[in-house]
Protein chains: 2
Amino acid sequence: MFGFTCKKSDRKENSGCSFGLTKKQQAIADREVELIMLAKGLVQEQGFGNLTMDKLTAASPYSKGTIYNHFSSKEDVILALCIHSLKSESILFARSGQFEGNTREKVIAMHVAYRIYARMEPVLSTCAIMAKSPWVLEKASPERVAELNQLEEVVIAGADDLTNAAAECGDLKFSSGIGSDAIVFANWSIAFGSNALSQNASNSHCIQRLQDPFTVLHNANMLLDGLGWKPLSSEWDYRKTWRRVEQELFSEEVAYLESIGR
Amino acid sequence: MFGFTCKKSDRKENSGCSFGLTKKQQAIADREVELIMLAKGLVQEQGFGNLTMDKLTAASPYSKGTIYNHFSSKEDVILALCIHSLKSESILFARSGQFEGNTREKVIAMHVAYRIYARMEPVLSTCAIMAKSPWVLEKASPERVAELNQLEEVVIAGADDLTNAAAECGDLKFSSGIGSDAIVFANWSIAFGSNALSQNASNSHCIQRLQDPFTVLHNANMLLDGLGWKPLSSEWDYRKTWRRVEQELFSEEVAYLESIGR
DNA sequence: ACCTGAACACCGTTCAAGT
DNA sequence: ACCTGAACACCGTTCAAGT
């Protein structure tokens, strides 16, 4: 909550602190991270039903009042988890932008990043789904909702740049009604949708597909082929691209996932 | 809960009741619908924070114990809302199957049905999102989770039949790794994702797109073009199809939506 | 200025007693 | 066989008193 707002009285002129935070402010920021990690642990151990303000208080060395200085409500904690999650995910997205390849391969690299993060942090990815439900959005603090939107804007802007670059170099042509907004939104929708639906333990064949590591790739390729984003999947082996992204950008993450059998 | 299981002692041989329910069982089933409508009203009036077992009890003429005879937990109520919702939506899907047109137009008709339902029943559509979150799935009764999965299977089977029909008549060609499962899953993902993301009040341009009534159409067309599902959007005016579906199948619903300005 | 924890109102769930 | 509502344990949130 107010832990991050930089009041004049608190700001040290010419202080050596990074980001212009006083020691006190830094301590509060650190404590917030500590609380978020504790909340994450509670969910990981026993599910979302185990995430309780009482239990979070008990697991921490602080009092109820202090918890409520950080989070305006229980739902605010979930949104904080979501923001924490998106920050980590952004690092993977940033890395995927550095992939050496054509523009379409770079889009695929973003999908790889999204998928790998979902596998690495299932609990936090799940928060991203809950954060799009009114149950969370109604009760979370407006400040945090704004913070999440802002973070999402940064990721969107990156994807936007990529589609514009593709349009400039001729890999992609915009058509009436289909600008970079529409393309980014479509990609986000299908990535979000696949991820959310796969959380459901349904036994339907059509969802068991998600076991297939290339389902997300197939879905993305359908979209990108439909947009005529070159090279088309008939002219290029994007499975090879997918594997190359995993090896060249996320080898550590993939090794970790394999070591825990996910 | 047990209201629907047909115990031997309760079953009347040769009774005239539809579906083989005794009067008692019918009364219980009716009461369940009554309770679901009350729950829906609570959410519509004040948001999901207003949905409380206490308030549901108070709004009904029954006691706490009776409420818990119907629903194993609060989350079970939400899943019941979701099931109720999918049943209504299935009626629209069934209607969309009767659209006179080529196979791809019939897919579009399903997307129209999905979109119209989301606009008509925003609260119930939202339940479908929440029902894919572990917060609900963890605590809802296994029976109801199974019931939802079963209902989803029926809708999936319909979509599956449609893609198989398209493959048989040559409108569509399956390729390696992309069978009817993959195609149904991709369409569901993008419809679910668009819907969920649009709930978020984000100010990003890319989400404000959903104001454009044809965004869902564009997204579907990207997928279907990518699959080579004929006729391609370059050879056919699917906006016209969209409008025709609205007029020929859902004119009543569209008129209602316009009358309330949505 | 921040932290504490007792206190409060409400909520989810159960179950012995009633019909 | 089903319904009732009092009772209980726990939860979310607040705030006067403390440092």
Side-chain angles (χ1 to χ4, degrees), chain A residues 1-12 21-32 34-35 39 42-43 46-80 135-136 138-141, chain B residues 1-12 21-32 34-35 39 42-43 46-80 135-136 138-141:
Chain A
M1 300 289 299
F2 52 74
F4 282 132
T5 62
C6 201
K7 289 165 203 160
K8 234 183 252 170
S9 60
D10 265 355
R11 195 183 294 128
K12 273 205 260 174
L21 298 177
T22 62
K23 265 186 194 162
K24 182 78 198 173
Q25 287 175 321
Q26 187 57 54
I28 289 173
D30 289 345
R31 192 174 56 195
E32 187 145 309
E34 185 190 352
L35 289 172
L42 287 172
V43 181
Q46 309 255 12
F48 276 89
N50 195 44
L51 181 54
T52 279
M53 298 307 263
D54 269 3
K55 286 185 181 166
L56 181 55
T57 305
S60 84
Y62 314 110
S63 71
K64 276 256 177 110
T66 296
I67 305 291
Y68 273 88
N69 275 348
H70 285 276
F71 310 106
S72 70
S73 65
K74 184 189 163 173
E75 288 72 21
D76 211 35
V77 176
I78 290 177
L79 204 60
W135 171 64
V136 168
E138 272 168 13
K139 291 206 67 198
S141 70
Chain B
M1 297 290 300
F2 54 73
F4 283 130
T5 62
C6 201
K7 288 166 203 156
K8 233 183 250 170
S9 60
D10 264 355
R11 194 184 295 128
K12 274 207 263 174
L21 297 177
T22 62
K23 264 184 195 165
K24 183 78 198 173
Q25 287 175 322
Q26 187 57 54
I28 289 173
D30 289 346
R31 192 174 56 197
E32 187 146 309
E34 184 189 352
L35 289 172
L42 287 172
V43 181
Q46 310 254 12
F48 276 90
N50 194 45
L51 180 54
T52 278
M53 297 309 264
D54 269 2
K55 286 185 181 166
L56 181 55
T57 304
S60 83
Y62 314 110
S63 72
K64 275 251 177 115
T66 295
I67 305 289
Y68 273 87
N69 275 348
H70 285 276
F71 310 106
S72 71
S73 65
K74 184 190 163 172
E75 287 72 22
D76 211 36
V77 176
I78 291 176
L79 204 60
W135 172 65
V136 168
E138 272 168 12
K139 290 206 68 198
S141 70

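Atoms considered below: every heavy atom in the structure, side chains included; atoms not considered: hydrogens, waters and symmetry mates. Order of the sequence lines fixes the chain letters, A, B, ..., with proteins taken first and strands second; residue numbering starts at 1 for each chain. A quick note: this is a predicted structure, and the numbers were derived from the prediction, not measured.
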Checklist entry - Partners of E34(B) by side-chain hydrogen bond (donor to acceptor under 3.5 Å, both in side chains), sequence neighbours excluded? => result Y62(B)
Next on the checklist: Counting primed atoms plus P, OP1 and OP2 as sugar-phosphate and everything else as base, spell out the protein contacts along nucleotides 12-19 of chain C at 4.0 Å heavy-atom distance: B, S or - for each nucleotide, 5' to 3'.
Outcome noted: BBBB----
Next on the checklist: Tell me if a side-chain donor or acceptor on T52(B) pairs with a main-chain N or O of K55(B) at a distance below 3.5 Å.
Outcome noted: no
Checklist entry - Quick one: I67(A) CD1 to dC11(D) P, roughly how many Å, whole number? => result 14 Å
Checklist outcome for this item: Applying side-chain contact (heavy atoms from CB on, under 4.5 Å) to S63(A) and not counting sequence neighbours gives T66(A)
Checklist entry - Side-chain N or O of R31(B) less than 4.0 angstrom from OP1 or OP2 on dC2(D)? => result no
Checklist outcome for this item: Hits for salt bridge (Lys or Arg N to Asp or Glu O under 4.0 Å) against K64(B), two or more places apart or cross-chain, chain-then-number order -> D54(B)
Checklist outcome for this item: Base-paired stretches in DNA chain D with three or more consecutive Watson-Crick or G-U pairs, both distances under 3.5 Å, amount to C:4-8 with D:12-16, C:12-16 with D:4-8
Next on the checklist: Does a side-chain N or O of N69(B) approach OP1 or OP2 of dC3(D) to a distance below 4.0 Å, or not?
Outcome noted: yes
Item to check | Residues that Q46(A) engages under side-chain contact (heavy atoms from CB on, under 4.5 Å), provided they are two or more places apart | outcome: N50(A)
Checklist entry - Any side-chain heavy atom of K74(B) within less than 4.5 Å of one from L56(B)? => result no
Checklist entry - Mind checking what makes salt bridge (Lys or Arg N to Asp or Glu O under 4.0 Å) contact with K139(B), not counting sequence neighbours? => result E75(B)
Item to check | D30(B): partners by salt bridge (Lys or Arg N to Asp or Glu O under 4.0 Å), with sequence neighbours left out | outcome: none
